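These figures come from a predicted structure and were not determined experimentally. Position 1 is the first residue of the sequence, and the numbers go up from there.
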Amino acid sequence: VQLQASGGGLVQAGGSLRLSCAASGRTFSTYRMGWFRQAPGMEREFVAGISRSGLSTYYADSVKGRFTISRDNAKNTVYLQMNNLKPGDTAVYYCGAERTTSHSLLTLGRADVYEYWGQGTQVTVSS
C-alpha cells in the first residue's frame with residue numbers, strides 16, 4: 001500500500017483544514033488507518049484512528065471534540081477534519097495503515113503497529 005497525504009497549509013488559530021490520505025491498491029478496506037503528527041524536536045504522536053469499516057474511531061485527548069477522522073473505502077481515502085486549530089497543532093501530519101489482527105482501538109495509538117506511512121503534510125497554525 002502506498003499512501004499520499006495532502007491538504008496541509010498555513011491557517012490562523014481558530015481556523016480549519018481537512019487532510020486527505022489516498023491509498024493505492026485494492027486492499028484499503030482491510031487496513032485500519034491512523035493519523036499521527038510530529039512537531040520539530042518532538043516524537044511522533046498519535047492523533048486519531050479509525051476502524052476498517054469506519055464505524056469506530058479513537059482520538060488523542062488533545063484533539064477530541066476538534067478533529068474528526070473518517071474514511072471512504074470506495075475512494076481508498078481517509079480524512080482528518082481539523083477545526084478550531086491551535087498553534088500547538090503545528091506539526092507534520094502523517095497517515096498510517098495497519099493490518100494487525102487486533103480489534104482494540106487502543107492499538108491504533110501505537111506507531112509501531114503501523115505497516116505503511118505516507119510522506120507527511122505540513123500544518124502550520126499561526127496565533
Under the side chain to side chain contact (heavy atoms under 4.5 Å, CB included) rule, collect the residues that match up with [X], sequence neighbours excluded.
X     : value
Val1  : Leu3, Ala23, Thr27, Tyr31, Tyr116
Ser70 : Tyr79
Leu55 : Ser53
Val11 : Leu17, Leu85, Val125

[X]: side chain to side chain donor-acceptor pair (under 3.5 Å) partners, not counting sequence neighbours:
X      : result
Gln38  : none
Thr121 : none
Arg52  : none
Ser6   : none

Is there a path of hydrophobic side-chain contacts, each under 4.5 Å between heavy atoms, that joins Tyr59 and Phe46? no
Which residues satisfy the ring-ring contact (aromatic ring centres under 6.0 Å, His included) test with Phe28, sequence neighbours excluded? none
Listed by chain and number, what are the ring-ring contact (aromatic ring centres under 6.0 Å, His included) partners of Tyr114, not counting sequence neighbours? Phe36, Trp117
[X] to [Y] - nearest heavy-atom pair and separation:
X     : Y     : value
Asn84 : Arg66 : O-NH1, 2.9 Å
Ala13 : Pro87 : CB-CD, 4.1 Å
Leu19 : Gly8  : CD2-N, 3.6 Å

Just by distance, with hydrogens left out, do Thr30 and Arg99 show a side-chain donor and acceptor under 3.5 Å apart? yes
Does any non-hydrogen side-chain atom of [Y] lie less than 4.5 Å from one of [X]?
X      : Y      : value
Ser56  : Ile50  : no
Glu98  : Leu108 : yes
Arg71  : Met33  : yes
Leu106 : Tyr58  : yes
Ile69  : Gln81  : no
Tyr94  : Gln119 : no

So how far is it from Ser126 OG to Gln12 CD, rounded to the nearest 0.5 Å? 5.0 Å
Just to verify, what does Glu45 make a salt bridge (charged side-chain N to carboxylate O under 4.0 Å, His left out) with, not counting sequence neighbours? Arg37
List for me each residue that meets salt bridge (charged side-chain N to carboxylate O under 4.0 Å, His left out) alongside Arg110, sequence neighbours excluded, and say none if there are none. Asp112
Is the backbone of Gln2 close enough, under 3.5 Å, to the side chain of Ser24 for a donor and an acceptor to pair up by distance? yes
Give a yes or no on whether the backbone of Ala60 and the side-chain of Ser62 come within a donor-acceptor separation of less than 3.5 Å. no
Apply side chain to side chain donor-acceptor pair (under 3.5 Å) to residues Asn83 and Ser16 and explain how you reach the verdict. CA-CA 4 Å; Asn83 297 329; Ser16 298; 2.9 Å; yes
Would you call Asp89-Lys86 a salt bridge at under 4.0 Å N-O? no
Could you give me the CA-CA distance, side-chain angles and deciding distance for Leu80 and Val47, then say whether side chain to side chain contact (heavy atoms under 4.5 Å, CB included) is met? CA-CA 9 Å; Leu80 185 68; Val47 175; 4.1 Å; yes
